[in-house]
Every structure is written in structure tokens, then in C-alpha cells.
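Heavy atoms only: backbone and side chains are in, while hydrogens, waters and symmetry mates are out. Throughout, residue positions are numbered sequentially from 1 according to the sequence presented.
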Amino acid sequence: QALCLSCGLCCNGTLFGKVHLQVTDVQAPLEAGGIQIQTTGTERSFEQPCSAYRGASCQVYADRPANCRKYRCKLLKEYEAGTVSWVDARHAIGRVQMLDEAIRAESARLIPEGPRLSAAALRERVPLPAALAADRELRTTWAPVMLRLSALLDCLYTHFQSPPKADPPSPADP
């Protein structure tokens with residue numbers, strides 16, 4: 001897909017932090033493409049950004065994992081259905097790419113490995129609300145990243161994927 005080749009957000013760590021492998025996925029071609037498979041019990045996966053994603057294309061495309069093979073983002077589905085134009089799709093992709101680059105640049109000043117982390121992994125590094133509430137300097141330090149992450153999530157949930165389902169509040173929650 002031309003749209004996919006102009007995007008790559010499902011491979012570069014913006015949409016996902018990890019890809020889970022299926023039993024039917026053959027490991028050898030993936031490893032030959034530079035992907036480091038992690039095994040935990042019977043589960044196999046690899047971290048994003050995908051090391052086989054180079055030059056805006058998948059280096060293991062013919063042998064890509066089943067989850068990669070079947071994934072189609074919301075934007076691609078809407079584009080194929082004719083409900084989103086090429087120009088609007090490219091605009092949404094460009095906005096996410098711009099936000100992702102800004103987040104990576106800003107995160108470099110906070111954590112050394114920031115530019116190499118996937119956006120999903122970086123979201124896990126943001127201090128917890130209790131820590132932010134207790135420390136004004138921490139809030140000030142993380143504010144630029146958090147604002148961009150919020151804008152990124154809004155764009156992702158609007159154009160690329162559904163937001164995760166929230167757990168219902170427990171009876172003790174106000």
C-alpha cells in the first residue's frame with residue numbers, strides 16, 4: 001500500500017511497543033532481518049521500533065509475522081473505504097510524525113535512551129500522577145513531553161486506533 005509506505009507508524013514504535021508472535025511465525029527469517037525475539041514462557045515477541053523496518057519498508061516483508069500481516073490501522077481502512085482522502089490521510093500521518101519527532105527530541109534531555117525508545121515505551125516512562133502532583137520541578141521538566149504525548153494520543157486515537165478500554169471504576173473510587 002502506498003499509504004503504508006508513506007507512514008510506518010505501526011513499525012516504528014509509535015502505535016505499538018511490542019509485537020507478539022504467533023505459533024505459526026517462523027523465527028529464523030525474522031532474526032536474519034535483525035529482529036531480536038524475546039521469549040517469556042511460551043510467548044514470543046519483539047520490541048518496537050522494529051529493527052527490520054528500514055528505508056520506509058519492511059526488510060522481512062515476505063516472512064513478516066502474522067500480527068503484522070493482518071494489521072490494518074483505522075486510517076488505512078477509512079482511506080480504502082473512500083471516507084478519507086489521500087490528502088487528509090497524509091496530513092494525519094504527517095502530524096503524528098511531527099509530534100513523534102518532537103517527543104523524541106524533547107525526551108533526549110530527560111532520559112538518555114529517549115530518542116531510541118518507542119513512543120509506547122516512552123509513555124510508560126512518564127512519571128506517575130502522584131509523583132507529578134508532589135513535585136513541581138518534575139511537572140515543569142516533563143510538561144513539554146506530556147503535552148506532545150497528549151496531542152499524539154489524540155491524533156492516534158482519532159485517526160489510527162481505538163483508545164484502550166478503561167477499566168470500570170472500583171466502588172472505592174470517587
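Using a cutoff of 4.0 Å between basic side-chain nitrogens and carboxylate oxygens, Arg125 and Glu113 are scored as salt-bridged.
Judged as a salt bridge (Lys or Arg N to Asp or Glu O under 4.0 Å), and not counting sequence neighbours, the contacts of Lys18 are Glu47. For Tyr71, the ring pair (Phe, Tyr, Trp, His ring centres under 6.0 Å) partners at least two apart in sequence or on another chain are Phe16. A search for salt bridge (Lys or Arg N to Asp or Glu O under 4.0 Å) contacts involving Arg104 returns Asp100, not counting sequence neighbours. Every side chain to side chain contact (heavy atoms under 4.5 Å, CB included) that Asp135 has, sequence neighbours left out, goes to Glu137, Leu138.
Side chains of Leu99 and Arg95 form a contact here, defined as non-hydrogen atoms less than 4.5 Å apart. Thr14 places a side-chain heavy atom less than 4.5 Å from the side chain of Leu156. Contact check for Leu153 versus Arg123: side-chain heavy atoms found under the 4.5 Å cut-off. Residues Asn67 and Leu21 fail the side-chain proximity criterion, which asks for heavy atoms closer than 4.5 Å. In this structure, the side chains of Cys73 and Leu9 stay at 4.5 Å or more apart for every pair of heavy atoms. Pro65 places none of its side-chain heavy atoms less than 4.5 Å from the side chain of Lys70. Taking 4.5 Å as the limit, every side-chain heavy atom of Gln59 sits out of range of all side-chain heavy atoms of Arg64. Side-chain atoms of Gln48 and Leu15, non-hydrogen and from C-beta on, never get closer than 4.5 Å to each other.
A continuous path of ILVMFWY side-chain contacts below 4.5 Å connects Val145 to Ile111, so both sit in one hydrophobic cluster. Cluster annotation: Leu122 is connected to Phe160 through the hydrophobic network of ILVMFWY side chains, with a link wherever side-chain heavy atoms come within less than 4.5 Å. Both Leu132 and Ile103 belong to a single network of hydrophobic side chains, linked directly or stepwise wherever heavy atoms of I, L, V, M, F, W or Y lie under 4.5 Å apart.
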### Message
Using side-chain contact (heavy atoms from CB on, under 4.5 Å), reason through Arg109 and Thr141 one step at a time and then give a plain yes or no.
### Response
CA-CA 9 Å; Arg109 97 183 151 74; Thr141 301; 3.9 Å; yes

### Query
What's the verdict on side-chain contact (heavy atoms from CB on, under 4.5 Å) for Val19 and Cys50, showing C-alpha distance, side-chain angles and the deciding distance?
CA-CA 9 Å; Val19 174; Cys50 180; over 6 Å; no

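Residue Ser51 holds its OG atom at 7.5 Å from CZ of Phe46, rounded to the nearest 0.5 Å. Here the straight-line distance linking atom CZ of Arg54 with atom CG of Asn12 works out to 14.5 Å at 0.5 Å rounding. Between Tyr79 atom OH and Arg72 atom CZ the span is 12.0 Å, to the nearest 0.5 Å. Atoms CE and CG, on Met98 and Leu152 in that order, are 9.5 Å from each other to the nearest 0.5 Å.
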Ignoring hydrogens and angles, write down the donor-acceptor pairs under 3.5 Å from the side chains of residues 28-43, residues two or more places apart or on other chains.
{"residue": "Glu31", "atom": "OE2", "partner": "Gln27", "partner atom": "NE2", "Å": "3.0"}
{"residue": "Glu43", "atom": "OE2", "partner": "His20", "partner atom": "ND1", "Å": "2.7"}

Residues 86-94, side-chain donor-acceptor partners within the protein, below 3.5 Å, at least two apart:
{"residue": "Asp88", "atom": "OD2", "partner": "Ser85", "partner atom": "OG", "Å": "3.3"}
{"residue": "Arg90", "atom": "NH1", "partner": "Ser6", "partner atom": "O", "Å": "2.8"}
{"residue": "Arg90", "atom": "NH1", "partner": "Ser6", "partner atom": "OG", "Å": "3.2"}

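The two residues Cys155 and Val96 have their closest heavy-atom pair at SG-CG2, 3.4 Å. In terms of heavy-atom proximity, Tyr53 sits nearest to Cys58 at CD1-N, 4.4 Å.
When atom types are taken as modelled, the side chain of Arg148 and the backbone of Glu101 share no donor-acceptor pair closer than 3.5 angstrom.
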